[in-house]
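The figures here come from the full heavy-atom set of this structure, side chains too, leaving out hydrogens, waters and symmetry mates. A note on names: the letters A, B, ... follow the listed sequences, proteins ahead of strands, and every chain is numbered from 1. Computed from a predicted model, the values in this text were never measured in an experiment.
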2 protein chains.
Amino acid sequence: MTQVNDWDALAAQFAVDAIRCSTAAGSGHPTSSLSAAHLLAVLYSDHLRYDVADPKALANDRFVLSKGHASPLMYAVLKAIGAITDEQLLSFRKMDSPLQGHPVPLPEMPWVDVATGSLGQGLPIGLGMALGLKMDRLPARVWVLMGDSEAAEGSVWEAMANAAHHGTDNLIAILDMNRLGQRGPTMLGWDGDTYAARAEAFGWRSIRVDGHDAEAVHAAYLEAERAEQPAIVIAKTEKGHGVSFLADREGWHGKALSAEEAERAIAELGGIRDLRIAPPKPEAGAAPAATGAAVELPTYEEGIATRKAFGEALAALTARLDVVALDGEVSNSTYTEDVEQVAPERFVELYIAEQCMAGVAVGMQVVGKNPFAATFGAFLTRAYDFVRMAAVSRANLRLAGSHAGVSIGEDGPSQMALEDLSMMRAVHGSTVLYPCDGNSTAQLVGLMADLPGIVYMRTTREKTPAVHAPGSVFRVGGSAVLREGPDDRVALVGAGVTLFEALKAADALAAEGIAARVIDCYSIKPIDSATLRKALAETGLLVTVEDHWVDGGLGDAVLAAVASEGELSGRVVKLGVTEMPGSGTPDELRERAGISAGRIAEAARTSLGR
Amino acid sequence: MTQVNDWDALAAQFAVDAIRCSTAAGSGHPTSSLSAAHLLAVLYSDHLRYDVADPKALANDRFVLSKGHASPLMYAVLKAIGAITDEQLLSFRKMDSPLQGHPVPLPEMPWVDVATGSLGQGLPIGLGMALGLKMDRLPARVWVLMGDSEAAEGSVWEAMANAAHHGTDNLIAILDMNRLGQRGPTMLGWDGDTYAARAEAFGWRSIRVDGHDAEAVHAAYLEAERAEQPAIVIAKTEKGHGVSFLADREGWHGKALSAEEAERAIAELGGIRDLRIAPPKPEAGAAPAATGAAVELPTYEEGIATRKAFGEALAALTARLDVVALDGEVSNSTYTEDVEQVAPERFVELYIAEQCMAGVAVGMQVVGKNPFAATFGAFLTRAYDFVRMAAVSRANLRLAGSHAGVSIGEDGPSQMALEDLSMMRAVHGSTVLYPCDGNSTAQLVGLMADLPGIVYMRTTREKTPAVHAPGSVFRVGGSAVLREGPDDRVALVGAGVTLFEALKAADALAAEGIAARVIDCYSIKPIDSATLRKALAETGLLVTVEDHWVDGGLGDAVLAAVASEGELSGRVVKLGVTEMPGSGTPDELRERAGISAGRIAEAARTSLGR
């Protein structure tokens with residue numbers, strides 16, 4: 001155990017370094033760093049079991065800076081543990097520095113596991129790490145430093161409830177209750193009783209402490225470590241602690257000190273120090289996890305709903321022991337229940353808490369899991385901020401959204417994914433897949449498991465026919481041309497359920513002497529630009545058809561593809577949903593939305609002047 | 001007070017009618033309806049002060065069916081209060097019936113105020129109604145019927161915390177604790193103690209009751225009405241109550257009974273009844289609210305950040321007494337603090353709870369308010385499901401997202417809105433505005449207040465120059481051509497901060513003898529297709545440039561516009577952000593992202609073969 005004097009000196013060093021780097025940057029959050037300096041001084045000196053030289057080791061405890069704006073504190077800690085130099089510290093917030101305004105896990109910044117800065121995400125992510133570690137029976141703990149402002153985010157309470165429900169006794173939250181948010185006092189101020197009551201009601205052990213009393217903090221952490229349930233250390237702190245003109249003052253959020261102010265503050269804090277600490281070592285590392293057996297994906301001769309093929313393929317994929325399925329209490333709709341049946345220990349029910357589900361997925365992939373998270377595509381809108389941030393985290397995240405489009409029928413628009421293609425296309429580095437049948441679904445699920453970044457698969461509620469034979473090959477960025485001939489006068493571009501409408505439309509047009517190409521655009525991002533451009537060049541007319549709002553989805557992706565090289569020519573007609581649907585049968589709703597076979601054929605005829 | 005026998009008979013009628021209409025439809029959620037039948041029998045008989053003939057009257061109490069899948073129960077109630085006929089009841093879930101699978105507020109369904117079906121939204125929306133009613137000192141209450149599964153959604157706890165904080169004593173939640181979710185037991189089952197502890201810790205009065213004991217329910221409602229804080233009635237119920245083969249049985253979620261099963265169930269429930277009830281009358285209606293004074297929007301001769309112009313224009317707009325500003329604890333960044341200064345009674349701080357903020361906005365517009373909700377554009381991703389559902393609710397919702405794009409600089413990607421244009425374009429019936437300077441911002445804020453549907457304005461962190469003179473006129477669907485000549489060889493299409501980069505690029509190109517048109521595309525949806533098509537026809541080359549991911553934003557909108565009529569010709573080059581940004585200065589980051597003046601000019605030159 002470190003001496004109290006040493007903790008205090010270390011905390012003062014953290015405070016000084018946080019001020020130094022933010023003043024050098026001319027921006028940043030020094031005061032939000034100062035409130036938590038003692039909390040991290042004690043944690044990194046005596047509690048976090050962590051190999052600085054091997055930060056990705058699974059045996060390590062994990063630390064998540066949920067209050068990501070306190071990055072100056074994080075970087076001050078990294079200097080003290082010898083991860084970065086003082087010179088690097090002073091590159092904070094500068095172009096190309098890995099010390100970004102909010103922490104980001106870059107190759108040059110391996111001591112950060114996930115990006116933070118959107119508040120309320122650290123706890124769900126930490127829960128994912130904790131659940132992943134428990135799956136492998138690793139003794140590591142996960143520590144999450146939260147701000148008090150972020151306790152207003154519902155995602156925090158989703159994680160609180162799920163952590164207790166899942167018995168996550170290796171998860172410890174530290175609440176930096178500094179009373180002040182961005183624009184003034186938080187909702188609860190220093191009302192630690194209320195935070196404690198809420199945490200206890202959600203099944204957590206709560207421990208109250210003066211966050212600037214290092215010995216008390218140490219004792220609180222010991223108690224949290226011993227708890228047989230998730231624990232939260234509620235630390236009463238002062239924003240800007242230790243500096244007379246900053247401590248507990250409003251108006252200092254997110255403001256760097258001037259050079260002169262910094263000099264005064266540093267003097268009050270005892271000047272610049274260069275203490276070094278070595279965190280406790282982790283327990284001996286676990287053996288690398290077994291990789292499992294070869295995967296045999298299902299094949300289909302008959303029609304099947306792609307959501308069901310997704311579930312069956314994912315169940316097959318659990319032959320790989322890293323694969324985990326997460327669901328938001330709809331596993332009998334998304335068919336992740338097929339995973340639960342074959343590998344119940346790798347199925348995690350997160351109830352109706354989509355933000356938490358996405359955060360858990362991000363956390364799990366940090367600790368070596370390969371999570372697939374599924375719910376209705378419509379409800380993934382709930383998790384959009386988590387998906388966006390997962391991209392900043394360079395996370396490998398596999399998402400599946402079922403119940404695409406108006407084709408779900410009678411349940412009505414609240415349950416219809418109609419924004420999902422657009423939403424997922426706009427995520428950095430994402431892959432967006434939308435297979436139409438069982439074989440393409442199963443093969444693409446197999447590919448998903450090894451793709452980098454955010455991968456989204458959209459599935460359909462209804463059973464659809466088998467159009468791709470077993471053994472067909474699919475690739476990310478590919479497409480399949482199902483009808484083609486030298487006299488094609490139009491190319492119909494569908495995906496998922498609209499592919500079948502396009503095929504029927506092609507039959508109808510053929511009967512009238514109009515040859516139509518049909519393209520299954522199962523990979524919407526990346527998209528098969530070459531095939532689409534060739535089709536436009538050869539036919540002069542593309543008709544895209546999607547069970548999605550007409551903005552931002554397949555049609556826009558096709559337009560972008562054909563525009564991506566050289567001069568435009570020909571015509572592209574986008575069919576998609578333009579009016580708010582209601583209830584009805586899938587066929588009725590597709591007809592009304594203008595994406596039925598009849599409406600596709602009509603659009604082709606009109607464009608051809610027939 | 002109604003007699004217990006009558007309540008029980010009414011509840012049985014509701015149950016029977018819920019079974020009848022779902023069996024007629026062949027789908028729906030009868031069992032989730034049966035659990036709450038007594039709860040609504042007592043509510044509509046003796047507590048909800050409601051004028052069936054004037055459902056939009058502000059004097060009415062409001063009812064929100066947060067568990068929207070229990071729509072059969074809602075429609076059974078509407079029949080009993082004389083709002084719909086039995087024939088209409090049996091049109092449930094059929095094409096063009098206003099009795100959709102989940103309730104939707106259509107002109108033919110004025111007894112429904114908001115769409116539900118995405119769980120966890122009813123309480124935030126109800127909070128908005130309650131806050132709006134209190135602003136006008138109306139004595140009406142808001143009742144929200146929640147499912148127990150949806151208590152897992154964080155948005156519920158955002159609303160719980162905010163309701164208590166804001167002293168919303170006119171808000172009553174009813175928790176239908178039927179223990180069973182979609183695929184099995186809920187997280188807490190019948191553990192009413194835990195629900196109660198959570199609610200109490202969040203500042204609510206909790207009242208426990210047997211949800212099938214009508215007299216006890218009546219007493220619980222009376223207690224809730226008397227509470228001087230928000231109150232939740234935690235009702236222990238049985239899913240499928242009253243029918244031997246349904247009650248508390250798993251495997252019956254979301255399943256209609258067969259005709260034969262329905263017959264048996266109806267017999268057990270005492271057969272078909274046709275009881276009619278009249279809810280208690282509301283207190284005498286308030287006088288229509290004053291409309292306020294004429295609005296004088298600010299004008300600018302000098303540069304200003306558009307976020308600041310937004311705040312000033314919104315402050316000016318509060319001369320209209322319906323205008324309310326909501327913020328997510330960043331009012332000194334979004335500048336809604338300007339509203340707080342001039343109309344503090346119409347500024348509502350919702351802390352860092354973006355879902356709740358959006359839900360409150362939807363609720364407020366139901367009761368005659370005109371709410372503008374603001375936060376960082378990046379964090380509106382948090383509320384996407386609420387925005388999507390607001391469109392289903394036919395709500396008029398004004399959203400402002402500040403801190404657009406890489407141009408925010410040093411804070412880094414977690415704070416950068418880079419998906420927002422795509423996200424908002426994909427919302428049904430939305431309007432997406434992105435002004436570049438003070439005068440365009442102020443004028444467009446003025447227009448926002450009267451637009452139907454979901455309206456989004458994107459604002460910029462940095463100060464930008466004044467390019468539009470005071471008195472300039474802007475329109476939804478318009479654009480402004482800032483440079484134009486007969487020899488234009490390229491048209492540069494910018495919006496917001498990129499407009500200035502485009503202007504500088506045009507200067508550079510002009511110096512090389514390349515005349516460039518510059519278009520301020522301040523209205524991204526609807527977009528000025530005519531001007532864009534004309535520019536492409538006249539110059540042969542459009543270069544779009546946006547501080548946003550290259551997918552789904554301005555560039556895709558421009559492509560869709562030029563493709564929307566006739567044959568394509570010419571070239572469209574999209575510039576946008578394609579690599580994950582870090583920290584840096586705004587200029588450095590725009591340069592790196594390829595959206596700086598230099599990179600725009602380079603793209604134009606390359607495309608022109610120069």
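Ion pair A:R183/B:D327 not flagged as a salt bridge, since none of the NZ, NE, NH1 or NH2 atoms sits closer than 4.0 Å to an Asp/Glu carboxylate oxygen.
A:M424 does not touch chain B: none of its heavy atoms, backbone or side chain, sits under 4.5 Å away. Residue contact with chain B, scored on non-hydrogen atoms closer than 4.5 Å, is absent for A:P103. Only the side chain of A:K574 comes within contact range of chain B, judged by heavy atoms closer than 4.5 Å. Only the backbone of A:T578 comes within contact range of chain B, with at least one heavy atom under 4.5 Å from a heavy atom of that chain. Contact annotation for A:S569: both backbone and side-chain heavy atoms come within less than 4.5 Å of a heavy atom of chain B. At a 4.5 Å heavy-atom cutoff, the contact between A:Q355 and chain B is made by side-chain atoms alone. For B:A563, the parts lying under 4.5 angstrom from a heavy atom of chain A are both the backbone and the side chain. Contacts of A:S393 with chain B are absent, with no heavy-atom separation under 4.5 Å from either backbone or side chain. For chain B, no part of A:F92 is nearby; none of its heavy atoms comes within less than 4.5 Å. B:M389 touches chain A through its side chain: at least one heavy atom from C-beta onward sits under 4.5 Å away, while N, CA, C and O do not. With a 4.5 angstrom heavy-atom cutoff, A:A159 does not touch chain B via any of its atoms. Proximity to chain A is absent for every atom of B:M357, based on heavy atoms less than 4.5 angstrom apart. Looking at A:S564, the atoms closer than 4.5 Å to chain B (heavy atoms on both sides) all sit in the backbone: N, CA, C or O. The part of A:E349 that comes within reach of chain B is its side chain, from C-beta onward, which places non-hydrogen atoms under 4.5 angstrom from that chain. Residue A:A353 touches chain B through both its backbone and its side chain, counting heavy-atom pairs closer than 4.5 Å. Residue contact with chain B, scored on non-hydrogen atoms closer than 4.5 Å, involves the backbone and the side chain of A:M580 alike.
Contact count against chain B (heavy-atom pairs under 4.5 Å) is highest for A:T381 among A:L418, A:L106, A:T381. Highest contact tally toward chain A, considering only B:Y195, B:F376, B:F386, B:F379, is held by B:F379 [criterion: heavy-atom pairs under 4.5 Å]. Comparing B:H548, B:M160, B:H29, B:R394 by how many heavy-atom pairs each has under 4.5 Å with chain A, the most go to B:R394. Note: A:E153 leads A:E354, A:E419, A:E200, A:E153 in heavy-atom pairs under 4.5 Å with chain B. The choice from B:S71, B:A161, B:G412, B:A383 that makes the most heavy-atom pairs within less than 4.5 Å of chain A is B:A161. Ranking B:R388, B:K525, B:R425 against chain A, the residue ahead of the rest is B:R388, based on heavy-atom pairs under 4.5 Å. Among A:D193, A:L350, A:I352, the residue making the largest number of heavy-atom pairs under 4.5 Å with chain B is A:I352. Counting heavy-atom pairs closer than 4.5 Å to chain B, the top-ranked of the candidates A:M423, A:E337, A:R592 is A:R592. Looking only at heavy-atom pairs under 4.5 Å with chain B, the residue among A:V156, A:L119, A:T194 that has the most is A:L119. The most heavy-atom pairs under 4.5 Å with chain B, out of A:G582, A:S430, A:G555, A:A201, come from A:A201. Residue with the most contacts toward chain A among B:A378, B:G429, B:A560, B:G584: B:A378 (heavy-atom pairs, distance under 4.5 Å). In terms of heavy-atom pairs under 4.5 Å with chain A, the best-connected choice from B:V577, B:V572, B:T585 is B:V572.
Using bins of under 30°, 30° to 60° and over 60° for the plane-to-plane angle, the ring pair B:W157/A:F202 lands in the perpendicular bin.
To the nearest 0.5 angstrom, B:E329 atom CD is 12.0 Å from A:E150 atom CD. Here the CG-OH distance, from A:L188 to B:Y351, works out to 9.0 Å after rounding to the nearest 0.5 Å. Separation of atoms CG (A:L568) and CD (B:E567) is listed at 11.0 Å; rounding is to 0.5 Å. Taking CG from B:D551 and CD1 from A:I527, the interatomic distance works out to 10.0 Å, rounded to the nearest 0.5 Å.
In this model, a donor atom of one side chain and an acceptor atom of the other lie less than 3.5 Å apart for B:S155 and A:R382. Between A:S333 and B:Q182, the side chains place a donor N or O and an acceptor N or O closer than 3.5 Å (distance only, hydrogens not considered). Side-chain atoms of A:S118 and B:S414 include no donor-acceptor pair closer than 3.5 Å.
Checking side-chain atoms of B:Q415 against main-chain N and O of A:G117 turns up a donor-acceptor pair under 3.5 Å. Counting only distance, with no hydrogens or angles, the side chain of A:E158 and the backbone of B:G154 share a donor-acceptor pair below 3.5 Å.
Looking at B:H69, B:H102, B:R93 one by one, the single match for side-chain hydrogen bond (donor to acceptor under 3.5 Å, both in side chains) with A:D411 turns out to be B:R93.
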